[in-house]
A.B. asks: 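Supplied in structure tokens, the structure appears directly below.
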Amino acid sequence: MSARHFLSLMDCTPAELVGLIRRGIELKDLRNRGVLFEPLKNRVLGMIFEKASTRTRLSFEAGMIQLGGQAIFLSPRDTQLGRGEPVADSAIVMSRMLDAVMIRTFAHSTLTEFAAHSRVPVINGLSDDLHPCQLLADMQTYLEHRGNIAGKTVVWVGDGNNMCNSYIEAALQFDFQLRVACPQGYEPNAALLAQAGERVQIFRDPREAVAGAHLVSTDVWASMGQEEESAERMKLFKPYQVNRALLDSAAEDVLFLHCLPAHRGEEISVDLLDDPRSVAWDQAENRLHAQKALLEFLVEPAYHHA
Ligand code: CP
Ligand code: NVA
């Protein structure tokens with residue numbers, strides 16, 4: 001199928017990615033100035049959520065409405081997909097009715113299989129492996145507050161999870177150095193690490209990793225689907241909490257990002273989101289603007305009148 005998909009940051013060129021985040025900033029400005037901009041009138045986004053979401057659902061749904069289109073929320077509880085209809089069949093049928101499909105799922109292969117049978121763009125709204133939409137917002141947020149991230153040092157603290165994997169792809173695409181501070185056995189995807197080579201370094205000591213860093217980010221210690229491992233992870237990850245003292249060893253102008261939801265007292269100290277170095281609320285808002293840029297980029301513009 002010929003549709004352009006966004007399953008990973010590697011589906012775009014570095015220039016396209018920079019273009020998307022710059023466009024996100026423009027669309028944010030248009031909205032702040034109250035300018036109506038509806039290039040996606042009559043276009044419909046289907047949103048399949050196999051996992052919970054606040055930000056991803058709201059930002060895609062509000063984003064489509066603001067661009068003049070509509071979004072339909074699909075839960076596996078209510079669709080035949082949830083009763084075992086094959087992913088490929090669902091993709092064929094849904095993509096004949098919709099203009100784009102966003103999927104939040106467990107196995108990344110659900111996304112690649114859906115995309116292989118879809119006539120329309122498929123967007124990864126988070127899988128067990130990757131969360132590329134979040135990285136668009138993160139990169140937009142860094143650009144807004146500090147300018148170009150190329151050549152900077154970014155530190156991922158905690159679990160080598162889907163977010164961490166997407167930070168590795170971001171390091172390659174946006175040209176920054178990434179340090180990952182994680183316990184043994186919780187490293188990010190091995191193939192991605194191999195692909196990244198010297199661009200990514202693994203640390204065991206978060207303090208050593210954060211020294212001189214320009215951006216620090218973390219995420220929950222137990223991701224969706226890992227609830228049963230939660231107690232064990234809480235013990236193991238304890239030395240990896242990001243707090244004000246840890247940020248004090250970073251660069252003077254360090255920023256802190258958290259994709260949210262946050263668990264205060266676990267991966268971050270109770271006060272960290274109130275620290276002036278945290279821009280997590282701007283980051284959450286930027287999901288809306290960055291994804292509107294993505295939708296504009298992927299979805300065909302409005303129909304012509306007959
Ligand atoms: N950061 C993020 O994706 O949040 P939600 O799980 O609320 O969508
Ligand atoms: N790593 C987290 C991110 C949530 C937005 C999860 O997958 O649950």
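Residues take their numbers from the sequence shown, with the count starting at 1. Note that the structure is predicted; figures quoted are calculated from it, not measured. Numbering of ligands and ligand atoms starts at 1, following listing order. Keep in mind that the numbers below use all heavy atoms, side chains included, and drop hydrogens, waters and symmetry copies.
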A.B. asks: Any salt bridge between Arg277 and Asp248, counting N to O under 4.0 Å?
C.D. replies: yes
A.B. asks: Excluding sequence neighbours, so at least two apart, what forms side-chain contact (heavy atoms from CB on, under 4.5 Å) with Asp219?
C.D. replies: Trp156, Asn161, Asn162, Met163, His258, Cys259
A.B. asks: Give every donor-acceptor pair under 3.5 Å between a side-chain atom in residues 9-24 and any protein atom, sequence neighbours left out.
C.D. replies:
from, atom 1, to, atom 2, distance (Å)
Asp11, OD2, Leu7, N, 2.7
Asp11, OD2, Ser8, N, 3.2
Thr13, OG1, Glu16, N, 3.0
Glu16, OE1, Arg4, NH2, 2.6
Glu16, OE1, Thr13, N, 2.9
Glu16, OE2, Arg4, NH1, 3.2
Glu16, OE2, Arg4, NH2, 3.3
Arg23, NE, Glu296, OE1, 2.7
Arg23, NE, Glu296, OE2, 3.4
Arg23, NH1, Glu26, OE1, 2.7
Arg23, NH2, Glu296, OE2, 2.8

A.B. asks: Taking NZ, NE, NH1 and NH2 as the nitrogens, is one of them in Arg264 or Asp271 under 4.0 Å from a carboxylate oxygen of the other?
C.D. replies: no
A.B. asks: Using a 4.0 angstrom limit on heavy atoms, which residues are close to ligand 1?
C.D. replies: Ser53, Thr54, Arg55, Thr56, Arg104, His131, Gln134, Cys259, Leu260, Arg287
A.B. asks: So which atom in Ile92 and which in Ser95 form the shortest heavy-atom distance, rounded to 0.1 Å?
C.D. replies: O-OG, 3.4 Å
A.B. asks: Identify whether the distance between the nearest side-chain nitrogen and carboxylate oxygen of Arg233 and Glu227 falls below 4.0 Å.
C.D. replies: no
A.B. asks: Is there a heavy atom in Leu260 that sits closer than 4.0 Å to ligand 2?
C.D. replies: yes
A.B. asks: Output yes when the distance from some N or O of ligand 2 to some N or O of Ser223 is under 3.5 Å, and no in every other case.
C.D. replies: yes
A.B. asks: Indicate whether any N or O donor in one side chain lies under 3.5 Å from an N or O acceptor in the other, for Gln177 and Thr153.
C.D. replies: no
A.B. asks: Between side-chain atoms of residues 66-76 and protein atoms elsewhere (two or more places apart, or another chain), which donor-acceptor pairs fall under 3.5 Å?
C.D. replies:
from, atom 1, to, atom 2, distance (Å)
Gln66, OE1, Lys292, NZ, 2.7
Ser75, OG, Arg77, N, 3.0

A.B. asks: Check this for me - ligand 2, His131, N or O atoms closer than 3.5 angstrom, yes or no?
C.D. replies: no
A.B. asks: Counting non-hydrogen protein atoms only, what is the nearest one to atom 3 (C) of ligand 2? Give residue, atom name and distance.
C.D. replies: Asp219 OD2, 3.5 Å
A.B. asks: Does Lys51 pair with Asp128 as a salt bridge, N-O distance under 4.0 Å?
C.D. replies: yes
A.B. asks: Taking heavy atoms and a distance under 4.0 Å, where does Asp128 meet ligand 2: side chain, backbone, both or neither?
C.D. replies: neither
A.B. asks: Any idea which protein heavy atom is nearest atom 7 (O) of ligand 2, and the distance to it?
C.D. replies: Asn162 ND2, 2.8 Å
A.B. asks: For ligand 2, find out whether one of its N or O atoms is nearer than 3.5 Å to an N or O atom of Leu126.
C.D. replies: no
A.B. asks: With only distance considered, is Arg104 within less than 3.5 Å of ligand 2 through an N or O on each side?
C.D. replies: no
